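Below: the structure, in structure tokens.
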Amino acid sequence: LQDHPDLFTGFNIIKGFLNLDIADQYWHELLQAKYADEQYGLQPSTGKKVMVEYSSPNTNKPLHLGHLRNNFLGWSVAAILEANGNKVFKSCIVNDRGIHICKSMIAWQMFADGATPKSTQTKGDHFVGDYYVKFNDEYKRQVLELKEGGMPEKEAEKQAPIMLATQQMLQDWEAGKPEVMALWTKMNSWVYEGFDITYKKIGSDFDKTYYESNTYLLGKKTVEEGLAKGVFEQEADNSVWIDLTADGLDRKIVQRKDGTSVYITQDIGLAQQKYQEYGIDESIYVIGDEQNYHMKVLKLIAEKLQLPNAQNIYHLSYGMVELPSGKMKSREGTVVDADDLVDEMISTARQHTEELGKVKDFTEPELAELYNTLGLGAMKFYLLRVDPKKKMIFNPEESIDFHGFTGPFVQYTYARIRSILRKEPFEVKAMEATPLLKLEKEIIVTLEQFESALQQAAKELNPSVIAIYIFNLARTFNSFYTAHSIGNAETPEKKQLRLQLAVMTSNVIKKGMQLLGIQVPERM
RNA sequence: GGUCCGGUAGCUCAGCUGGAUAGAGCAUCAGCCUUCUAAGCUGAGGGUCAUUGGUUCGAAUCCAAUCCGGAUCACCA
């Protein structure tokens, strides 16, 4: 190893390690050192402040499967960064204004007859989402009617009365017309009630929530400053642009001719606000890869404006979740609703648990908690075990497996270890070195890798590193556990050693799963 | 068309800062419950790593070209 350090990297060093004739005493020392380290795996504070922005819902429709991947990813990345010694703030920007929410508002005025989520017993975000769908149905109908009356399609799309009414409403909103503002406030509050339920259920939380209705005004200030610095240029019609052709991109508009700000401008304003409020060193945006171009532009503009933390804007770009039939399309009704999916997973967990009948003595609340732990665990693990950058395929028909490379597999391993430890209380005590079996060494080596997995996950902002590692640890332990008894070990020394391995494995599993936002049950 | 991303087993995915026989899970097949929870364990079959060329002692990994798939290039967000 000393002669050829370059020849032994990564997994090869582990393979080599297992085959080397290392004294048993060394294995014991390694184990004791790890066991004594209470901060095992956790890194000392770097003092770095990082903000992770994720979720970013629109208030016109409920959350779907794509949002789940986003939420789980953002939450887990934040946890991983924290475990690596960073001070982390979780933030969310709610897209609460714009033409999309006006569509829901118009449709509600037209069709609801005063109905509310309460009067219809509907979750608030679904309620508002239903009116967004109703808008589109009515809009389509009106366009068709106009076309049949002889109007060209493009003209019909512009002239449909419901669309004109919506555009009028947007203008009224920007003008602050009281009745429009009142309706807007009311409908958004319904949506937030619904979102809160979902966030609570999936374990998503934020240190700070920004609202676009507040931040979009920051855009104007940014544009003024940019114009003064000569970063932006103004056209004769008053619209403001930035020329990015020298950077291989296009000219981008940053302010409309009517003086209103566009999407990108709000983001620049928000980037500054985050920095001012939290003094962050690094800003991570968990946003889908369809916005790669947008984020590239954002970073470039921030650099040209010489914002203090422009260099540290990082887009954690994740791939879409697709169905076997292709992309999820709301128009075709192929969107997998987040609440439905979560409920389905929990109910699958209940079904499996009842079939196996291992926890018949559980009370109702205990059962409910277990189903939640298992159902959500399965879903989170499924969405986090693959590289975030890559798009992934989700098959709702086959649902999510509870066997193999899954959350419940890991949870099951944990529950079985806990079961042993309830029967065989473990105390730390000095012990004689005893010869180690290959499977025992493998567990020690795998435990040893936790630290580097944690560091790699943070470096790559990639929770799948943790998921793969934890699965591997659980599998290694299962093989060992089947082959060798812990309670009836050959000698007291063996028993002590194996109990220690069991304790450490369960601790690492628990810690690793926590980083993925997944709970582990004592029994299942 | 420009830019970016991807193509590894029937399916879903690891492996990609070059290095040992390309690995998991699911599915298929064959075994293991008087013994710490069988949501488990052991084993088998299954691969032209999209194609072609190049660099190298050595390529799934690096480079180039081609084919296929996706994203994006709005006074939408």
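Not measured: the values here are computed from a predicted model.
- Regarding contacts with the backbone of B/rC41, every side-chain N or O of A/Arg475 stays at 4.0 angstrom or more from both OP1 and OP2.
- Look at the C1' atom in both B/rA20 and B/rA65: the space between them is 32 Å, to the nearest Å.
- Taking the centre and axis of the six-membered ring of A/Tyr285, the NZ or CZ atom of A/Lys274 falls inside the cone set by 45° and 6.0 Å.
- The distance between atom CE of A/Met295 and atom P of B/rC4, rounded to the nearest whole Å, is 18 Å.
- Spacing between atom CG of A/Asn488 and atom C1' of B/rU35 amounts to 8 Å, rounded to whole angstrom units.
- Summarising the geometry, the separation between NZ on A/Lys61 and P on B/rC76 is reported as 17 Å, rounded to the nearest angstrom.
- Set against B/rC73, B/rA14, B/rA24, the side chain of A/Val386 has B/rA14 as its closest nucleotide.
- Of the candidates B/rC41, B/rC76, B/rC73, the closest approach to any side-chain atom of A/Ser479 belongs to B/rC41.
- Annotation: cation-pi geometry satisfied between A/Arg385 and A/Phe405 (NZ/CZ under 6.0 angstrom from ring centroid, within 45° of ring axis).
- The side chain of A/Tyr293 lies closest to B/rU72 when the candidates are B/rU72, B/rC76, B/rA14.
- With distances taken from any side-chain atom of A/Arg385 to the nucleotides B/rU37, B/rA14, B/rU12, the minimum falls on B/rU12.
- For a distance-only test at 3.5 Å, the side chain of A/Asp237 qualifies as a donor-acceptor partner of the base of B/rC75.
- Distance noted for atom P between B/rC5 and B/rU17: 15 Å (whole Å).
- Checking B/rA14, B/rU12, B/rC75 against the side-chain heavy atoms of A/Asp387 singles out B/rA14 as nearest.
- Atom P of B/rA44 sits at a distance of 28 Å from the matching atom of B/rU35, rounded to the whole Å.
- Cation-pi geometry between A/Lys134 and A/Tyr132 is not met at under 6.0 angstrom from the ring centre and within 45 degrees of the axis.
- Using a 4.0 Å cut-off, no side-chain N or O of A/Arg251 falls inside it from OP1 or OP2 of B/rC73.
- Aromatic ring centroids of A/His294 and A/Tyr263 lie under 6.0 Å apart.
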Counting Watson-Crick and G-U wobble pairs with both distances under 3.5 Å, what is the dot-bracket string for RNA chain B, 5' to 3', using [ ] for crossing pairs and | for pairs to another strand? ((((((((.[[[[.)...(...]]]].(((((.......))))).....[[[[[..)....]]]]])))))))....
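- Between the CG atom of A/Asp247 and the C1' atom of B/rC4 there is a distance of 16 Å, given to the nearest Å.
- For the pair A/Thr482 (side chain) and A/Asn478 (backbone), a donor-acceptor distance under 3.5 Å is present.
- Residue-level contact check: A/Ile486 touches the bases, meaning some heavy atom is under 4.0 Å from a base atom.
- In this structure, of B/rC75, B/rG40, B/rG6, it is B/rG40 that holds the atom nearest to the side chain of A/Phe409.
- Of the residues near RNA chain B, A/Ala415 and A/Phe394, the one whose nearest nucleotide (by heavy atom distance) lies more toward the 5' end is A/Phe394.
- Using a 4.0 Å heavy-atom criterion, one finds that A/Met392 contacts the sugar-phosphate atoms exclusively.
- The ring-ring contact (aromatic ring centres under 6.0 Å, His included) pairs that include a residue from residues 485-509 of chain A number zero, where partners must be two or more places apart or lie in different chains.
- For the pair A/Asp289 CG and B/rG69 C1', the computed distance is 14 Å after rounding to whole Å.
- Annotation: proximity of residues 208-215 of chain A to RNA chain B (heavy atom, distance under 4.0 Å) is found for A/Glu212, numbered in ascending order.
- Aromatic rings of A/Phe394 and A/Tyr382 (six-membered ring for Trp) have centroids within the 6.0 Å cut-off, being under it.
- There is a side-chain donor-acceptor pair under 3.5 Å between A/Asn292 and A/Ser317.
- A distance of about 10 Å separates the P atoms of B/rG25 and B/rG43, rounded to the whole Å.
- Computed from coordinates, the A/Ile101 CD1 to B/rC76 P distance equals 19 Å when rounded to whole Å.
- Figure legend: cation-pi geometry between A/Arg97 and A/Tyr216, with NZ or CZ positioned under 6.0 Å from the six-membered ring centre and within 45° of its axis.
- Here, B/rA14 and B/rU8 have their C1' atoms 10 Å apart, quoted to the whole Å.
- Distance A/Leu323 CG to B/rU12 P: 13 Å, rounded to the nearest Å.
- As judged by a 4.0 angstrom heavy-atom cut-off over every strand, A/Lys257 is placed among the base-contacting residues.
- Listed pair A/Asn478 / B/rC41 meets the phosphate criterion, a side-chain N or O lying under 4.0 Å from OP1 or OP2.
- Counting non-hydrogen atoms under 4.0 angstrom, A/Lys389 reaches nothing in the nucleic acid.
- For A/Phe409 and A/Phe402, the ring centers sit 6.0 Å or farther from each other.
- Comparing B/rG6, B/rC75, B/rU37 against the side chain of A/Lys423 picks out B/rU37 as the nearest.
- Glycosidic conformation of B/rC33: syn, with the torsion inside 90° of 0.
- B/rG6 and B/rU42 are spaced 34 Å apart, taking the P atom of each and rounding to whole Å.
- Side-chain atoms of A/Val262 lie closest to B/rA77 of the nucleotides B/rA38, B/rA77, B/rG6.
- Here A/His403 reaches the OP1 or OP2 of B/rG40: one of its side-chain N or O atoms lies under 4.0 Å away.
- Residues A/Leu305 and A/Gly226 approach most closely at CD2-CA, 3.6 Å, considering heavy atoms.
- The phosphate of B/rA74 has neither OP1 nor OP2 within less than 4.0 Å of any side-chain N or O from A/Lys252.
- Under the stacking criterion of a centre-to-centre distance below 5.5 angstrom and an interplanar angle below 30°, A/Phe405 is not stacked against the six-membered ring of B/rC26.
- Each of B/rA38, B/rC36, B/rC73 was ranked by its minimum atom distance to the side chain of A/Ser419; first place goes to B/rC36.
- Going from the P atom of B/rU72 to that of B/rC63 covers 26 Å, rounded to whole Å.
- The side chain of A/Lys391 has B/rG70 as its nearest neighbour among B/rA14, B/rG70, B/rC75.
- Aromatic pair A/Phe477/A/Tyr414: ring centres not closer than 6.0 Å.
- A salt bridge links A/Glu235 with A/Arg251; the closest basic N to acidic carboxylate O contact falls under 4.0 Å.
- What separates CZ of A/Arg418 from P of B/rC36 is a distance of 19 Å, to the nearest Å.
- Residue order along RNA chain B, read from the 5' end via each residue's closest nucleotide, puts A/Tyr382 first among A/Tyr382 and A/Lys459.
- Rounded to a whole angstrom, the distance from the P atom of B/rA9 to that of B/rG31 is 29 Å.
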